[in-house]
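Starting from 1, each residue takes its place in the sequence as its number.
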Amino acid sequence: MGSKEIRHRIILVIISIFCFNTMKGMSFDLDSIASMGRFPKFCVDTYRWGDSFFNSYDTVYVKGTGYNMNVKIRSNNWFDYNNLYFSHNGNIEMNSPTTNTIGFDVTYMAVSLGYDLNINKLFGGSDRTKSKFNFDFSCALLSASFYSIKNDIGMNITKYDGKNVDKLKFNGVKTSEWGIEANYFFNNKRYSYAAAFSLSRLQQKSQGSFSLGLSYVNQNYTFDFSQLPDELDFRGPDKYSIRGQSFGIKIGYGYNWVPRRNITLGISESIVPALVIGSSAENSRRCSFRLSNRLNVSFVWNHDRWFLGVVGKSDIALIYDNKSALANGLFSTEIKFGWRFRL
């Protein structure tokens, strides 16, 4: 071992000892962070102002968990669905195989770091380039989300012209969609969306609220029906596509039922009428109408530091004009089990 390598190892050991001793004395308490200097104090003061403004509740109905960190394991299952209807040419229905993932994350206040493992691949399932991404934010006043869904490999035909089909593989599907939306809750002092769906608050008494928001969706759906097998006798167009952007208003209502002190049953539903500006397979500029329905249900159990949440989500959209209609949907179930603590 050369002298240069020995010096590197000694430096590494010294740095490790310094970091370890620093971590032992470090606290995630906000007062401790604020005492580190002017900029940390400014950040803490800004956070406290924002928390007071955006997260002010009537504590008889809603309260915090009492902890600033949690660790949890989670399981997620989801699939997407498409139903196309053509004037005088019947309809064709298809869905994707279910994608199953399991993972964990560590959360400090509003920041999470986690990892997911695709169970389908782990047990030798088909390696489909199908993906779903969500980033959600929720406070007392509002909730906001960014999402992305992509399917480049295909789906299974389940019905054509009213007749069942035995999951006929169809590789001519290429769909992608991403969107941004935000909701404002009118009864934000007594109703907590976060208590039912992100498990970051505790609903103390049953309460509900109307909500109003905005929605933007960028969509690109392409179906190449020339790849269908001849046995299906498809009479529609060789190719069908919708590309464009939709601008909508989100109108909804949510309710949290608290049958017992540590149990919350949540339901939230909203409709999103929107105008779609885009193009079709013929590359002609056109406007169409999109109507979406978002339904979320949840079961939440809290016991001291432990918590369990089961959340089911259904997102169905209908896009139509004078020639055709497309109904697509995304259905998912997520289970979360974790433990809260404070640093």
Could you measure the distance from the [atom1] atom of [X] to the [atom2] atom of [Y]? Nearest 0.5 Å is fine.
| X | Y | atom1 | atom2 | result |
| --- | --- | --- | --- | --- |
| Lys150 | Trp178 | NZ | CH2 | 14.5 Å |
| Ile319 | Ser246 | CD1 | OG | 7.5 Å |
| Ile157 | Met94 | CD1 | CE | 4.0 Å |
| Ser270 | Ile249 | OG | CD1 | 13.0 Å |
| Gln219 | Gln245 | CD | CD | 9.0 Å |
| Ile271 | Ile316 | CD1 | CD1 | 13.5 Å |

Where is the tightest heavy-atom contact between [X] and [Y], given as atom of each residue plus distance?
| X | Y | result |
| --- | --- | --- |
| Asn164 | Lys159 | OD1-CE, 3.2 Å |
| Arg260 | Val258 | O-CG1, 3.0 Å |
| Thr222 | Thr175 | N-CG2, 4.5 Å |
| Ala317 | Arg290 | CB-NH2, 3.5 Å |

Check whether any side-chain heavy atom of [X] sits under 4.5 Å from a side-chain heavy atom of [Y], and report yes or no.
| X | Y | answer |
| --- | --- | --- |
| Phe146 | Asn134 | no |
| Ile180 | Ser145 | no |
| Gln207 | Asn256 | no |
| Glu177 | Asn220 | no |
| Leu199 | Thr65 | no |
| Thr59 | Gln204 | no |
| Phe86 | Leu84 | yes |
| Tyr240 | Ser324 | yes |

Item to complete: With sequence neighbours excluded, tell me which residues meet salt bridge (charged side-chain N to carboxylate O under 4.0 Å, His left out) with Arg294.
Response: Glu181, Asp315
Fill in: With sequence neighbours excluded, residues passing salt bridge (charged side-chain N to carboxylate O under 4.0 Å, His left out) with Lys313
none
Worksheet item: Do the ring planes of Phe225 and Phe234 sit parallel (below 30°), tilted (30 to 60°) or perpendicular (above 60°)?
Response: tilted
Worksheet item: Parallel, tilted or perpendicular for Tyr320 and Phe289, by the 30°/60° rule?
Response: perpendicular
Item to complete: Please report the C-alpha distance between Ser241 and Arg243 in whole Å, then the side-chain angles of each, then the deciding distance to 0.1 Å, and finally whether the side-chain hydrogen bond (donor to acceptor under 3.5 Å, both in side chains) criterion is met.
Response: CA-CA 7 Å; Ser241 67; Arg243 297 182 296 274; 3.2 Å; yes
Fill in: is_close_aromatic(Phe299, Trp257), centroid dist under 6.0 Å
no
Discussion item. Measuring centre to centre across the rings, with the benzene-like ring taken for any Trp, is Tyr253 within less than 6.0 Å of Phe210?
Written reply: yes
Does the [X] side chain pair with the main chain of [Y], one donor and one acceptor, at a distance under 3.5 Å?
| X | Y | result |
| --- | --- | --- |
| Ser96 | Asp80 | yes |
| Asn76 | Asn100 | no |
| Ser298 | Ala196 | yes |
| Asn187 | Gly208 | yes |
| Ser209 | Phe186 | yes |
| Arg342 | Gly66 | yes |
| Gln203 | Ser192 | yes |

According to a hydrophobic-cluster definition based on side-chain heavy atoms being under 4.5 Å apart (Ile, Leu, Val, Met, Phe, Trp, Tyr only), do [X] and [Y] belong together?
| X | Y | value |
| --- | --- | --- |
| Val311 | Phe307 | no |
| Leu318 | Ile242 | no |
| Leu212 | Leu295 | yes |
| Ile73 | Trp301 | yes |
| Leu168 | Phe223 | yes |

Fill in: Partners meeting side chain to side chain donor-acceptor pair (under 3.5 Å) with Asn171 (sequence neighbours left out)
Lys169
Fill in: With Asn293 via side chain to side chain donor-acceptor pair (under 3.5 Å) - residues at least two apart
Glu269
Fill in: Contact list for residues 187-208, test ring pair (Phe, Tyr, Trp, His ring centres under 6.0 Å), sequence neighbours left out
Phe185-Tyr191, Phe185-Tyr193, Tyr193-Phe197
Worksheet item: Given Val300 and Leu265, is the side chain to side chain contact (heavy atoms under 4.5 Å, CB included) satisfied, shown in steps?
Response: CA-CA 6 Å; Val300 179; Leu265 300 174; over 6 Å; no
Fill in: Pair Ser56-Lys189, side-chain hydrogen bond (donor to acceptor under 3.5 Å, both in side chains): steps then yes or no
CA-CA 7 Å; Ser56 177; Lys189 300 295 183 184; 3.2 Å; yes
Discussion item. Applying ring pair (Phe, Tyr, Trp, His ring centres under 6.0 Å) to Tyr147 and Phe135, what does each step give before you reach the verdict?
Written reply: CA-CA 6 Å; Tyr147 68 91; Phe135 176 80; over 10 Å; no
Worksheet item: Do Lys250 and Ser211 meet the criterion of a side-chain donor-acceptor pair at a distance under 3.5 Å?
Response: no
Worksheet item: Does any donor atom in the side chain of Asn83 or Asn91 lie under 3.5 Å from an acceptor atom in the other side chain?
Response: yes
Worksheet item: Out of Asn68, Asn302, Asn70, which one pairs with Arg340 under the side chain to side chain donor-acceptor pair (under 3.5 Å) rule?
Response: Asn302
Discussion item. Could you go through Met69 and Thr107, starting from their C-alpha distance and side-chain angles, then the distance that decides it, and tell me whether this counts as side chain to side chain contact (heavy atoms under 4.5 Å, CB included)?
Written reply: CA-CA 5 Å; Met69 295 193 71; Thr107 301; over 6 Å; no
Fill in: Trace of the side chain to side chain contact (heavy atoms under 4.5 Å, CB included) decision for Tyr255 with Ile267
CA-CA 6 Å; Tyr255 188 81; Ile267 183 169; 4.2 Å; yes
What side-chain donor-acceptor pairs closer than 3.5 Å can you find for residues 326-337, not counting sequence neighbours?
from	atom 1	to	atom 2	distance (Å)
Asn328	ND2	Tyr221	OH	3.0

Practice prompt. Give the C-alpha distance, both sets of side-chain angles, the deciding distance and a yes or no for side chain to side chain contact (heavy atoms under 4.5 Å, CB included) between Tyr184 and Leu141.
Written response: CA-CA 6 Å; Tyr184 173 80; Leu141 291 181; 4.3 Å; yes
Item to complete: Tell me, yes or no, whether the heavy-atom count around Ile263 atom CD1, taken from other residues, nucleotides or ligands under 6.0 Å, exceeds 12.
Response: yes
